[in-house]
Amino acid sequence: MSAVNDTKFNCAVFLLTGIPGQEDIHLWISTIFCLTYAISIVGNSLILLLIKTDLSLHETMYIFLSMLAITDLGLLIASMPTILGVFLFSSREISLNASVAQLFFIHSFIFIESAVLLLMAFDRFIAISNPLKYTSILTLLRIAMIGLVFVLRGVAIIFPLPLLLKRFQFYLANILSHSFCLHMEVMTMACADITVNNTYGLFITVLMVGLHLLLIFLSYVMILKTVLSISSHVEFLRALNTCVSHLCAVLLFYMPEFTLTLMHRFRKSSFPLLQIVLGYIYLLVPLLMNPIMYSVKSKHLH
């Protein structure tokens, strides 16, 4: 019994993983990550700067876009240290406290980004279906209040996860399959029954993210219904064109997230390389593509 207790620590160390079997080219792979981070940070920062300095961009759509850019920057800051540490400096060790802090911020920003995408879908629905009352419905004060509520809600929903993890004991060294920490993987390293963590994590993912996705889908159904009633072909295409960037952002965000969540929970040992690649797509590709897509499709930003 004492021998078992000696191998369990609350101050356990987790070992992050880059791409197994490709350690000799990690330095070259790090170049891709550095470029991704640089483009994402510059792109999102530039969008924020343009929206702040150009008075013509002080509109509801661009305020929501600035919320999305801030959330993307938060995700970049939360994930960058460990990913670059693994690929640039082969620094794989991360303490329990650091891993819990990282997964808290990553999951919080992911939930907030999901809420922002829902708000942007609602914005497009109001703009297309009821353009005359658009500015009176989505006032700046109302937008600020809604944004604050979604931020507080995202933090409150994720806050129990670190508390649930901190009550566990972990083995001395635990190998994670990514170069960043996610709750669905860290909890499996615990030396205890993780039913509560697993149930709560799956519950908030399905309930909140699933609910957001359902409401976004319903918004687009209503948008499509409104657009089909437009007789002018030019106005029809113009209305659809305003939704293209947001629709691409939704697909890039939700598809990898649900796939990775299901693989971690139900088929953990299958296709490990695919799971690793999906992890990076899930975390980094939306942050890279969002500023590019919105800048290309928006004439004002372009």
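Hydrogens, waters and symmetry mates are skipped; everything else that's a heavy atom, side chains included, is used.
When all heavy atoms are compared, the tightest approach of Ser66 to Leu48 is O-CD2, 3.5 Å. Residues Leu73 and Ile41 share a closest heavy-atom pair of CD2-CA, 4.0 Å. Closest approach of Leu287 and Glu113 over heavy atoms only: CD2-OE1, 4.1 Å. Between Ile194 and Ala190, the shortest heavy-atom contact is CG2-CB, 4.0 Å. The shortest non-hydrogen separation linking Ser79 to Ile106 is CB-CD1, 4.4 Å. Nearest heavy atom pair, residue Pro291 against residue Gly43, reads CB-C, 3.8 Å.
Atoms CG and CE, on Leu15 and Met189 in that order, are 9.5 Å from each other to the nearest 0.5 Å. Rounding to the nearest 0.5 Å gives a distance of 12.0 Å between CG of Leu117 and CG of Asp123. Here Leu182 contributes atom CG and Leu161 contributes atom CG; the two are 11.5 Å apart, rounded to the nearest 0.5 Å. We find the CG-OG distance between Leu165 and Ser99 to be 7.5 Å, quoted to the nearest 0.5 Å. Between the OH atom of Tyr254 and the OH atom of Tyr282 there is a distance of 11.0 Å, given to the nearest 0.5 Å. Atom CD1 of Ile51 is separated from atom CG of Leu57 by 6.5 Å, given to the nearest 0.5 angstrom.
Criterion: ILVMFWY side-chain heavy atoms under 4.5 Å apart, direct or through other members. Under it, Phe159 and Phe203 are part of a common hydrophobic cluster. Taking hydrophobic clusters as Ile, Leu, Val, Met, Phe, Trp and Tyr residues chained together by side-chain heavy-atom distances below 4.5 Å, Ile77 does not share a cluster with Ile94. Note on Val277: it clusters hydrophobically with Val86, by side-chain heavy-atom contacts below 4.5 Å among ILVMFWY residues. Placement of Leu84 and Ile32 in two distinct hydrophobic clusters is found when ILVMFWY residues are connected by side-chain heavy-atom separations under 4.5 Å, directly or transitively. Linking Ile, Leu, Val, Met, Phe, Trp and Tyr whenever their side-chain heavy atoms come within less than 4.5 Å puts Leu207 and Leu119 in one cluster.
Proximity of Arg167 to Asn197: side-chain heavy atoms (C-beta onward) are separated by under 4.5 Å at one or more points. No side-chain heavy atom of Val100 sits less than 4.5 Å from a side-chain heavy atom of Cys181. Counting heavy atoms from C-beta on, the side chains of Lys225 and Val221 never come closer than 4.5 Å. Between Ile110 and Phe253, the closest side-chain pair of non-hydrogen atoms falls below 4.5 Å. The shortest side-chain heavy-atom distance between Tyr134 and Ile128 does not fall under the 4.5 Å cut-off. The shortest side-chain heavy-atom distance between Leu75 and Pro286 does not fall under the 4.5 Å cut-off. In this structure, Leu252 and Met293 have side chains that are in contact, with non-hydrogen atoms separated by less than 4.5 Å. Side-chain atoms of Glu185 and Asn174, non-hydrogen and from C-beta on, never get closer than 4.5 Å to each other.
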*Given the rule in the ring pair (Phe, Tyr, Trp, His ring centres under 6.0 Å) test, do His246 and Tyr220 qualify, once you have shown the distances and angles that lead to the verdict?*
CA-CA 11 Å; His246 178 259; Tyr220 271 102; 5.7 Å; yes

_Verdict with supporting geometry, Arg92 and Ile175, side chain to side chain contact (heavy atoms under 4.5 Å, CB included)_ = CA-CA 9 Å; Arg92 297 182 58 196; Ile175 301 177; 4.0 Å; yes

*Is there a side chain to side chain contact (heavy atoms under 4.5 Å, CB included) between Ile204 and Ile158 once you walk through the steps?*
CA-CA 9 Å; Ile204 61 176; Ile158 299 300; 4.1 Å; yes

_Worked verdict on Phe150 versus Ile146 for side chain to side chain contact (heavy atoms under 4.5 Å, CB included)_ = CA-CA 6 Å; Phe150 274 114; Ile146 294 174; 3.4 Å; yes

*asked:* With side chain to side chain contact (heavy atoms under 4.5 Å, CB included) as the criterion, how do Val155 and Phe104 come out once you've worked through the C-alpha distance, each side chain's angles and the decisive distance to 0.1 Å?
replied: CA-CA 8 Å; Val155 172; Phe104 169 76; 3.9 Å; yes

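Through chains of ILVMFWY side-chain contacts below 4.5 Å, Leu141 is grouped with Met145.
Taking the six-membered ring for Trp and thresholds of 30 and 60 degrees, Phe87 and His26 have ring planes inclined between 30 and 60 degrees apart. Ring planes of Phe33 and Tyr280: tilted class, angle from 30 to 60°. In this pair, Phe122 and Phe125 present their aromatic rings tilted. The plane angle is within the 30 to 60° band.
In terms of modelled atom types and a separation under 3.5 Å, the side chain of Ser114 and the main chain of Phe111 share no donor-acceptor contact. Within the 3.5 Å criterion, the main-chain N or O of Leu176 finds a donor-acceptor partner in the side chain of Thr17.
Identified under the side-chain hydrogen bond (donor to acceptor under 3.5 Å, both in side chains) test for residues 136-163, with sequence neighbours left out: Arg153-His212.
When only modelled atom types and interatomic distance are considered, Asp54 and Ser56 share a side-chain donor-acceptor pair under 3.5 Å.
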